[in-house]
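First comes the structure, then the notes that go with it.
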Amino acid sequence: MAKIAIIPGSFDPIPNGQLDVMARSAKLFDKVYVAVLNNTVKSPLFSADERVALIQRVTKGFDNVYAESFAGLLVDFAKSKNAQFIIKGLRAVSDYEYECQMALANRNLAPDIETFFITSSPNYSYLSSSIVKELARHNAPLENLVPNEIVQDIYNKFNKI
Ligand code: PNS
């Protein structure tokens, strides 16, 4: 049976640490779906379609990674892809409590879907989409924080605001 994993998140926009989790997952699983939350309550910097397009651009070198947006419950998206695994990156102990809560809530909803945690690479353990946006807002350098191919897209968003 093909091993199919979901990497869920907001990815607004995708930082290097999350791309690293995708690259490492691509080696472990037959198919990896990056599930971009289309949350109508939050107002993200990039629309869900834009976030999917950015992820598709930076993962085009992997032939088993696919990006799609989803709304509703993550486990329903996972079931629609026949996925058996949810993958989350853990940057620090501070991530653990929230991620553990989510993993247990998902397990309660769908006992057959296992959540796996991957430790972030140390270079990226402090990095988040929020930090990237804060730096971009002040025109600080983004090299090494996000994939080079999307740096200009992020600056462009702030220059339009
Ligand atoms: O990058 P984020 O914001 O930490 O990602 C959070 C995400 C998308 C993984 C989470 O909010 C999610 O799975 N949302 C969908 C609703 C859901 O299924 N929640 C879990 C049960 S409470």
Side-chain angles (χ1 to χ4, degrees), residues 3-26 28-29 31-59 62 65-137 142 145-147 149-151 153-154 157-158:
K3 286 189 272 162
I4 303 174
I6 305 286
I7 303 181
S10 303
F11 307 109
D12 184 38
I14 175 176
N16 272 343
Q18 282 177 320
L19 179 59
D20 178 58
V21 169
M22 290 170 199
R24 288 156 65 196
S25 301
L28 296 170
F29 299 96
K31 277 187 184 178
V32 174
Y33 288 96
V34 179
V36 177
L37 181 65
N38 188 355
N39 187 342
T40 48
V41 180
K42 277 192 187 174
S43 10
L45 182 63
F46 290 91
S47 71
D49 287 346
E50 287 171 331
R51 285 176 276 148
V52 167
L54 293 179
I55 294 167
Q56 285 170 339
R57 200 191 305 162
V58 301
T59 58
F62 305 104
V65 177
Y66 312 88
E68 286 183 29
S69 66
F70 78 103
L73 286 177
L74 175 61
V75 292
D76 289 337
F77 179 79
K79 284 179 193 168
S80 76
K81 300 297 178 193
N82 294 318
Q84 310 96 324
F85 310 101
I86 293 170
I87 310 300
K88 294 297 306 253
L90 281 186
R91 289 166 299 188
V93 173
S94 48
D95 280 343
Y96 179 76
E97 195 172 333
Y98 170 73
E99 293 300 345
C100 196
Q101 249 185 333
M102 297 292 275
L104 292 174
N106 286 329
R107 184 161 145 190
N108 195 41
L109 291 165
D112 293 337
I113 300 176
E114 284 289 352
T115 297
F116 281 11
F117 295 118
I118 291 188
T119 315
S120 282
S121 295
N123 296 355
Y124 308 129
S125 61
Y126 69 97
L127 196 54
S128 67
S129 299
S130 306
I131 286 186
V132 168
K133 284 182 277 196
E134 183 65 10
L135 293 171
R137 184 175 291 117
L142 297 181
L145 305 185
V146 297
E149 308 96 291
I150 70 168
V151 168
D153 298 74
I154 301 169
K157 275 282 174 191
F158 284 102

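Numbers for residues simply follow the sequence, beginning at 1. Both counts, for ligands and for their atoms, begin at 1 and track the order of listing.
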How far is [atom] from the closest protein heavy atom, and which atom is that?
atom	answer
atom 6 (C) of ligand 1	Y98 OH, 4.1 Å
atom 4 (O) of ligand 1	K88 NZ, 4.1 Å
atom 22 (S) of ligand 1	A105 CB, 4.1 Å
atom 13 (O) of ligand 1	L74 CB, 3.6 Å
atom 5 (O) of ligand 1	G9 CA, 3.4 Å
atom 3 (O) of ligand 1	S10 OG, 2.7 Å
atom 12 (C) of ligand 1	M102 CE, 3.9 Å

Is there a heavy atom of G72 sitting under 4.0 angstrom from any atom of ligand 1?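 Checking ligand 1 against G72, which is what was asked, there is a heavy-atom contact under 4.0 Å.
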Ligand 1 versus L73: contacting region, heavy-atom distance under 4.0 Å: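 The answer is both, backbone and side chain.
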Would you check whether L109 has a nitrogen or oxygen atom less than 3.5 angstrom from a nitrogen or oxygen atom of ligand 1?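 Such a contact does not occur with ligand 1.
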Answer yes or no: does an N/O atom from Q18 fall short of 3.5 Å to an N/O atom of ligand 1?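 No; every N/O pair is 3.5 Å or more apart.
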Could you tell me the separation between the CD1 atom of I86 and the CD1 atom of I113, rounded to the nearest 0.5 Å?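 These two atoms lie 5.5 Å from each other.
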When you measure from the side chain of [X] to the backbone of [Y], do you find a donor-acceptor pair of N or O atoms at a distance under 3.5 Å?
X	Y	answer
R91	L127	yes
R51	L37	yes
S129	F11	no

Parallel, tilted or perpendicular: which fits the ring planes of F29 and F85, with parallel below 30° and perpendicular above 60°?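 Taking F85 first and then F29, their aromatic rings sit tilted (interplane angle of 30° to 60°).
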Of L37, V36, N106, which has the heavy atom at the shortest distance from atom 14 (N) of ligand 1?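 Of the listed residues, L37 has the closest heavy atom.
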Search all heavy atoms of V36 against all heavy atoms of S10 and return the closest pair with its distance.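 Heavy atoms only, the tightest pair is CG1-O, 4.0 Å.
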Heavy-atom closest pair, residues P147 and V58: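 That closest heavy-atom pairing would be CB-CG1, 3.5 Å.
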Note: R57-D153 ion pair, threshold 4.0 Å (strictly below):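 Looking at D153 together with R57, the answer is yes, because their closest N to O distance falls below 4.0 Å.
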